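What follows is a single structure, written as structure tokens, with notes after it.
The model shown is predicted, which means the values in this text are computed figures rather than measured ones. Side chains are part of it too, since the values below use all heavy atoms of this structure and drop only hydrogens, waters and symmetry mates.
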Amino acid sequence: MLPDSLYSVYRQYKLDTDTIASWLATTAQANGYPQELLRPASDDAQKKIQAPSRRLKGKARLQAVREHRQNLAAEKTKLAQKKYTIAVKDFVTLAEFIYTKRAAVGKLPISLVKTLDRVIRARRGFGDQMADYDEAADDAPDDSHMYFVGVLEKVRRVMEPLFPSDASQKQPPQESADEKTEDAFSNRFAGLSVYEPSEAFLNLPDREPPQPTETSGDDETEATYEAEKLNGFEDVIFAVHTLMNDLNRIRARIKWIWTTYAQGLFDLCAAAIATNTAIDLARNLIDEITPDIDAQGGAWKILQKFHLLLCMTEGRKPEELFGPEREGLGNFNYDLYDAGIGQFLQVYNLVDAFSRVITPNNLPIYKEGMFGTYDPSSNRDTMSGYEKFCEDRALLMPFFTELITVCITVIDYPIKDEFLRSMAEMEKTKKTPFPMVFAAQVFLDIHHVLRTDVSRAFETFQSGARVLCDEIQAHLEFHKNLRIDTWPRSNDQFMINITTNIRTILKDPVYRAKERYYRRMNVALPDSVEPNRILRMSPVLSGLMLFKYRATVRELGFTVLNTWGSVTYSAHLFNALSKEHMLPAFDGSARPSWHDMAIVQSSILDDEQIFVGNAPSNAEEYLSRFSLQMGTTVNVFTKRKERRKGPLASKAGPRGIKIETISPVSSMFIDRYVKQTGSVNWTTEHVERVIEATQWEAEGSEEDHTLIMGRLTKEELSRKKMQEKRNGKRGAKSAEEPARPTPEELIRSLILALNNESLEFAFPLLTMHRSCWRLLRAVRQQCDQVLRELFTPAYLERETELPWVIGWIFMAASTFDGPSDMRPMLEAAKAVKQEVILGEDGIAAVRRLNELGFPVSFETDDESFSSWKEDRHLSS
């Protein structure tokens, strides 16, 4: 089911009908309508609890009596929370009763009138278009679509005298051409009226039905009411109609994502996660009406009928839907292929055909070229409908073989997207799940968008994975003889295992499995079947695979940073030297530039994470904040014995980096794609986190392709939030701002948030650690003579204590232990200048980012410590 935090057209329609039923029932009951005439949804709650048998004796009888009392209490609670189903035929009866009590009821809530009009408009508009559809005549009158519309219209006429003055002047809602939705993304359904929430509704805070004006004095105050569910053919077609609109909006958003990716503006991992999340949300939408579809003969039957309905709505005659018989393909009119795609008709056919050749523990041997050869350089726009079908079949069939190979022979494949998940479901149940059809259609859509560029995703994964392996290997080599007690050997083995796993994937376990299977079947594996076909054909799988290993290495990187303290303690030193104007400025900037640290401090670690508060600005603060970060007191650095007798460790202990606060949206997907614990549960908190993290400002519009997205700085984001907060205090939420986003709107916010976090999520922390540790070595070497003079040669005993050098430098500069001595800071400045301002270590991480596909440039900025930008400009 779709999470409650999201909006869908069909769910809103059901909520509207339940709101009408609930208001009618509660208002009638509150004004004296007999409670016994409102039947609960189930009579089970009315069954009497049997008293304990009199034959029981002693402890057994006492226990039975105790359980009986508990059951009575539970039953009383259950009775107070009963759910009543209000039959459609009772709507008018309740409305007429309420009208007789009009003096007590008064005027109806305006929200109820608008809800009633909205449901009538949606159902009548759709019903008018169904009028010529022959199947509608077969349904029983009380279950028919237009019967319900007639009931609602009669309810409206009965209660119209009770309407508020501004509503009573209006005519009953009529469907006009202007009211039909012209969606920017999916106008395939312009011929069908689309049920959309009005702006007035979106501005209403009413999730609860209006309260009745009287109280009944009954104990049933906690009872809830819902409208009778109609599941006749036309009702199911209406549900499918709303579903298709939602699904095609999601498809259109996915196409926008990959179009923008093709322009080099979206990160591969962000695009893959957003796409797979969109397919997951589509599955939830589909699951919501699957029982009704199954009751009408299943998805294939309904899709055929819906295709017929759409074509008739566009003015086509039924006989136009059929063409010449083609061997094995039936008599589908392929001139209507694009229309069929809108209802997933032919894709369903292809998926279903493949499901019939799946047998337990056997791979369907696909003969290369059996269904044609896909040519991505061809122009799809010039193809006939039949040629488009052949191209789609040539794309899907070999990829189906890749997916089923994973399901049967590579069960420990490290990533499972929704397409692979659906294939596993189909292999197990031997049925054709509609979510599988949607995933297959999205797969085709991505290929239609990217064409020859589709393999770039695999190349990005391949190069990114190799960079990650290099990062780990460089770290292990760097620490071959540099050990610390808090870093066990098992951590090194874990890092080695990661590189082994990455190399295994690059060698393609799916290809190896096919080699073994073909060898066992005495069949030669065709030369055209190249390794890594599954990743080459699926940008989504390539992106998710890269995310998995990025996230794994990122977590390792933060563990290294917390263990050694290299980056945060180096940031303390660089901040102090900058504040004391001991470092030279270059390129006309007012402040020195350590480019790697600029990115760390602006995008990854805020001042609270590094300095335990705002950045310190004087010698005493340098020492005290550094001590807090280290988890010590300043007494550790004193030469005076009487002070060293005091506490040397702070109560809070060392302040490590809190990884859970960094890249909050990307981190939501670690459990699913790294730990493989299942899909994300989209709570309201998750949705709000995504929307808040969308730190982009939009200009222009998507409809006319003038949308330009600019990334907000922390300062700009802070000002924006403050402005929103002030606006919120002045008035209610704007009518144009929906209380809950649709799945398509959530995906838009999600891709922007993920893309916004992509650089910080991929930042090479291990490279940064090595650069900072080399800096600490250089600082120690440069300052060693003066520090020995001030604090004796015992100030540092082994290299693992290098971060303490910074504490001794700050101690000398402060007046805590005597007069300030700035000589250590001046010497440290020389090392910092040489190593990270003029030296290669100052841009080592930036160079890694370029290797990972994140081009970064720097600009002169007189106000800030350093200014940088990612060379991507998002547009549509």
Side-chain angles (χ1 to χ4, degrees), residues 12-34 37-38 84 86-128 131 141-142 144-180 193 195-216 225-228 230 235 238 735:
Q12 189 60 58
Y13 163 74
K14 291 195 298 182
L15 179 63
D16 280 352
T17 55
D18 286 345
T19 296
I20 295 168
S22 180
W23 189 89
L24 289 171
T26 55
T27 303
Q29 184 186 352
N31 288 277
Y33 192 80
L37 297 182
L38 298 174
Y84 290 84
I86 308 303
V88 170
K89 64 182 181 180
D90 291 335
F91 277 33
V92 175
T93 302
L94 292 170
E96 290 173 341
F97 178 84
I98 291 170
Y99 180 72
T100 64
K101 304 292 183 178
R102 55 189 176 276
V105 173
K107 295 296 183 181
L108 303 187
I110 186 65
S111 60
L112 178 71
V113 178
K114 290 181 178 180
T115 300
L116 183 61
D117 286 351
R118 188 165 55 249
V119 176
I120 292 173
R121 181 170 57 249
R123 293 296 300 249
R124 184 168 61 193
F126 183 78
D128 289 344
D142 281 1
S144 71
H145 183 94
M146 296 309 293
Y147 169 77
F148 186 40
V149 176
V151 168
L152 294 177
E153 289 177 332
K154 188 168 183 180
V155 168
R156 192 185 195 283
R157 289 194 300 271
V158 169
M159 296 200 300
E160 189 169 5
L162 306 182
F163 285 5
S165 56
D166 56 342
S168 60
Q169 303 300 322
K170 298 180 181 180
Q171 295 297 317
Q174 300 292 329
E175 182 74 9
S176 67
D178 292 338
E179 289 176 310
K180 295 181 180 180
S193 61
Y195 181 71
E196 295 289 355
S198 67
E199 290 186 359
F201 178 85
L202 293 175
N203 192 36
L204 292 173
D206 58 320
R207 288 296 302 276
E208 299 294 331
Q211 296 298 314
T213 56
E214 298 280 342
T215 59
S216 64
Y225 301 87
E226 62 181 13
E228 175 188 2
L230 302 177
D235 299 291
F238 176 73

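- In this structure, CZ in R156 is found 9.0 Å from CD in E153, a value given to the nearest 0.5 Å.
- Distance check: T19 OG1 to R118 CZ gives 8.5 Å after rounding to the nearest 0.5 Å.
- Separating the CZ atom in F148 from the CG atom in D235 is a distance of 8.5 Å, to the nearest 0.5 Å.
- Counting heavy atoms from C-beta on, the side chains of M159 and L24 come closer than 4.5 Å.
- One finds the CD1 atom of I20 at 6.5 Å from the OG1 atom of T115 (value rounded to the nearest 0.5 Å).
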Per-pair distances, 0.1 Å, donor-acceptor, side chain in residues 91-101, under 3.5 Å, sequence neighbours excluded:
| residue | atom | partner | partner atom | Å |
| --- | --- | --- | --- | --- |
| T100 | OG1 | F97 | O | 2.5 |

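- The minimum heavy-atom distance linking A104 with N31 is given by the pair CB-OD1, 3.5 Å.
- In this structure, CD1 on I120 lies 4.0 Å from CG on L116, to the nearest 0.5 angstrom.
- A heavy-atom distance below 4.5 Å is found between the side chains of Y147 and V88.
- To the nearest 0.5 angstrom, R121 atom CZ is 13.0 Å from L152 atom CG.
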Checklist line | Verdict with supporting geometry, Q29 and Y225, side chain to side chain donor-acceptor pair (under 3.5 Å) | finding: CA-CA 12 Å; Q29 184 186 352; Y225 301 87; 2.5 Å; yes
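- Within the 4.5 Å cutoff, no side-chain heavy atoms of K89 are placed close to those of V151.
- Taking 4.5 Å as the limit, every side-chain heavy atom of I110 sits out of range of all side-chain heavy atoms of F163.
- No side-chain donor-acceptor contact under 3.5 Å links S22 to the backbone of D18.
- E228 places none of its side-chain heavy atoms less than 4.5 Å from the side chain of I86.
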